[in-house]
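Below, chain A is the first sequence line, B the second, and so on; all start at residue 1. Values below: every heavy atom of this structure, side chains too, minus hydrogens, waters and symmetry copies.
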There are 2 protein chains.
Amino acid sequence: MGRPPKFSRAQVQNAALVLVDQHGLDALTMRNVAAELGTGPMTLYGHVQDRADLEALVVDAVFSEVEIPTPAPDPATRIEDLCVAAWKVLRRHPHAARLTLTRRTDAPSALRLGELLAVELGTTTLTGRRLLVAFRVLLSLIVGSIESDLAPVDPGDDERRVSVTESDYPALAALSASSARTTPEQLFRDTVRAGLVGVLPQASPDNI
Amino acid sequence: MGRPPKFSRAQVQNAALVLVDQHGLDALTMRNVAAELGTGPMTLYGHVQDRADLEALVVDAVFSEVEIPTPAPDPATRIEDLCVAAWKVLRRHPHAARLTLTRRTDAPSALRLGELLAVELGTTTLTGRRLLVAFRVLLSLIVGSIESDLAPVDPGDDERRVSVTESDYPALAALSASSARTTPEQLFRDTVRAGLVGVLPQASPDNI
DNA sequence: ACCTGAACACCGTTCAAGT
DNA sequence: ACCTGAACACCGTTCAAGT
């Protein structure tokens, strides 16, 4: 407890992510993180600007875990793999994922991933508006799929939940039954492939 | 101030939505809503189960505003119009939209809209897994597009924002420049149409 | 029986006192 | 100069006192 600070910003980041993973997003408070590090709340302000900064740190930690896949031979598969890598890391941190859904992220690790995806799309024949649409479609599919999977995470919601099996929504009930017959990853891969078909002229619907 | 309650659940709902629209999501507190209605915080618990219930009320209010479009002749356009209707209403309430991104919604008005979309997709040749994927793609595109648009809503973020024009992310910068040349609605329509091409065998890429 | 104020256990952050 | 505890202005909700 001499001159050097008692802990680093990286330690704050790690403690925050562990807290969120283990006890949910509501547990992410200045006071809890400080307690985890064995100090008072005010000591945190030496490493973090404010609460929003703490949240940004968590988002950055999550995307830092993305394993960039080794490039597949064809562009469509490279793009798909990149999307799956992002999806996987968000799935591994469902509570933290909610942070990325709500606020726009400046986290360098997230921007780097976005840049990678944009570069990959740029190697296709897509340009201009169609390139932009392709990018937005893929980002949306990642974010949207995570959101769709997030339901069971919300605790206590189940008691209040109106079962979709109810005959009020027969079409939704049929979909929900059909979704019980796939794994989440398979469903996401199918979703991304469908998106690619709509977006890449050269992607053929055959491999779906 | 006699026997009948001083206000209805619908009034609570309305007061909550107005509060969120005007002062942002952080202003949505039991105490603020109560003050808006001229009572103490505890009186709210006569109409609302807890804070989560209050948020659900806001989400329901938003989706209740959806104007179901008059059905277009062809299925693809009917589906597109339905998606745009949902997108528009979320755009009109950007702060409240954040609630729908994070938590799974049981709001009847939202389920009814989902059911409508599922039914519409059911009138195509799609069945089983492909029907499910189509539904997920469209939902994801709505949710994801809203999320992408939400950035400027977050107040005070701009000061901290790392400009994407920075040369660290040239591909992202190019995309962002390209997105400045379209309207949000046009971009969303293009996005949905691309999604439909990937998802509906009979949708032709010609009309993009 | 119902409505609701006081009180409790939190929260982020300011401010000033400690070193 | 820097670190950090006390204090402030909030929050959702319990509990008990009022009618």
Atom pair distance, as rounded to whole Å: CG in B/Leu28 and C1' in D/dC10: 15 Å

Identified pairing partner of C/dC2, criterion: Watson-Crick or G-U wobble below 3.5 Å: D/dG18

Rounded distance in Å - CE (B/Met42) to P (C/dA7): 14 Å

side-chain N/O A/Thr43 vs D/dT4 OP1/OP2, d < 4.0 Å: yes

Minimum-distance pair of heavy atoms, taken over all atoms of B/Ala72 and B/Asp81: CB-OD2, 4.0 Å

Enclosure of A/Arg91 CZ (heavy-atom neighbours >12, cutoff 6.0 Å): yes

Distance below 4.0 Å between A/Asn32 side-chain N/O and C/dC11 OP1 or OP2: yes

Distance-only polar pair, side chains of A/Thr102 and B/Thr102, donor-acceptor under 3.5 Å: yes

Residue-phosphate contact under 4.0 Å: A/Thr29 side-chain N/O, C/dC11 OP1/OP2: yes

Euclidean distance, atom CG of residue B/Asp50 to atom C1' of D/dT14 [Å, nearest integer]: 14 Å

For atom CZ of B/Arg51 and atom P of D/dC11, their distance in whole Å: 10 Å

Spacing of A/Asp26 atom CG relative to C/dA9 atom C1', expressed in whole Å: 15 Å

Integer-rounded Å distance: C/dC10 P and A/Arg31 CZ: 10 Å

Whole-Å distance separating the CG atom of A/Asp53 from the P atom of C/dG12: 14 Å

Rounded distance in Å - CG (B/Leu54) to P (D/dC11): 13 Å

C/dC8 - base-pair partner by Watson-Crick or wobble geometry, distances under 3.5 Å: D/dG12

A/Leu141 versus A/Gly195, closest heavy-atom pair with distance: CD1-CA, 3.9 Å

Any A/Tyr45 side-chain N or O less than 4.0 Å from OP1/OP2 of D/dC3: no

Modelled atom types, side-chain donor and acceptor of B/Asn32 and B/Glu36, under 3.5 Å: no

